[in-house]
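A quick write-up on the structure given underneath.
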Amino acid sequence: MILPIKKFPDKVLRAPTQAVVFPLSPEIKKLTADMIDTVKAADGIGLAAPQVGKSVKLVVINLEKSGLELFPLYNPRIVKTGFKKIEIEEGCLSLPGIFGMVKRPKKVSVEAYSASGQKVVFEDDGWVSRVVQHELDHINGTLIIDLVRKYTQGGDVVKAWKKQKLL
Ligand SMILES: [Zn+2]
């Protein structure tokens with residue numbers, strides 16, 4: 001089932017998130033399936049639970065276009081970051097029409113859990129690294145408008161939000 005995507009300034013995007021417990025409840029299983037349907041329908045490369053109004057530590061990564069199978073990550077966290085940082089243009093399904101340059105570590109080590117509750121640890125310095133960092137920010141209530149220093153699109157909208165004290 002495709003879920004509506006919450007857009008800024010919806011407060012759920014800033015709310016604290018709860019850890020997922022194992023074995024997964026039917027609600028979390030359903031949420032995972034719905035988030036997969038939603039990220040595909042939106043043609044997004046990642047989606048975090050707060051973006052569909054659920055304050056839980058769950059993200060789905062959809063890099064099928066890069067040849068990876070779509071996968072969910074439960075309770076993900078970054079355990080190590082590389083020194084090297086790179087600036088890449090990012091957008092967000094919760095911020096339609098807004099794009100900007102975001103500087104992040106190139107390489108990260110991630111610890112998370114699979115649907116079966118198995119701990120997974122992996123390292124990446126490509127798209128997975130970038131998308132996981134963006135989605136993990138959502139879990140922590142951070143949005144790209146907190147990080148962008150130079151907008152490539154929609155900078156005027158963000159300026160208006162700042163004036164309205166929305167960020
Ligand atoms: Zn986003």
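The basis for the numbers below is simple: all heavy atoms, side chains too, and nothing from hydrogens, waters or symmetry mates. In each ligand, atom 1 is the first atom listed, and ligand 1 is the first ligand listed. Computed from a predicted structure; not experimentally measured.
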Separation of Leu58 CG from Thr32 OG1 (nearest 0.5 Å) | 4.5 Å
Glu87 and Lys103 ion-paired at < 4.0 Å | no
Aromatic ring pairing Phe22/Tyr113, orientation class (parallel under 30°, perpendicular over 60°, tilted between) | tilted
NZ/Lys54: more than 12 non-hydrogen atoms of other groups inside 6.0 Å = no
Atoms of type N, O or S from the protein that sit nearer than 2.8 Å to the Zn ion (ligand 1) number exactly 3
What residue pairs, at least two apart or across chains, pass ring-ring contact (aromatic ring centres under 6.0 Å, His included) with a residue in residues 132-167?
-> Phe8-Trp161, His134-His138
Assess whether atom CD of Glu64 is packed by more than 12 heavy atoms of other residues, nucleotides or ligands within 6.0 Å.
-> yes
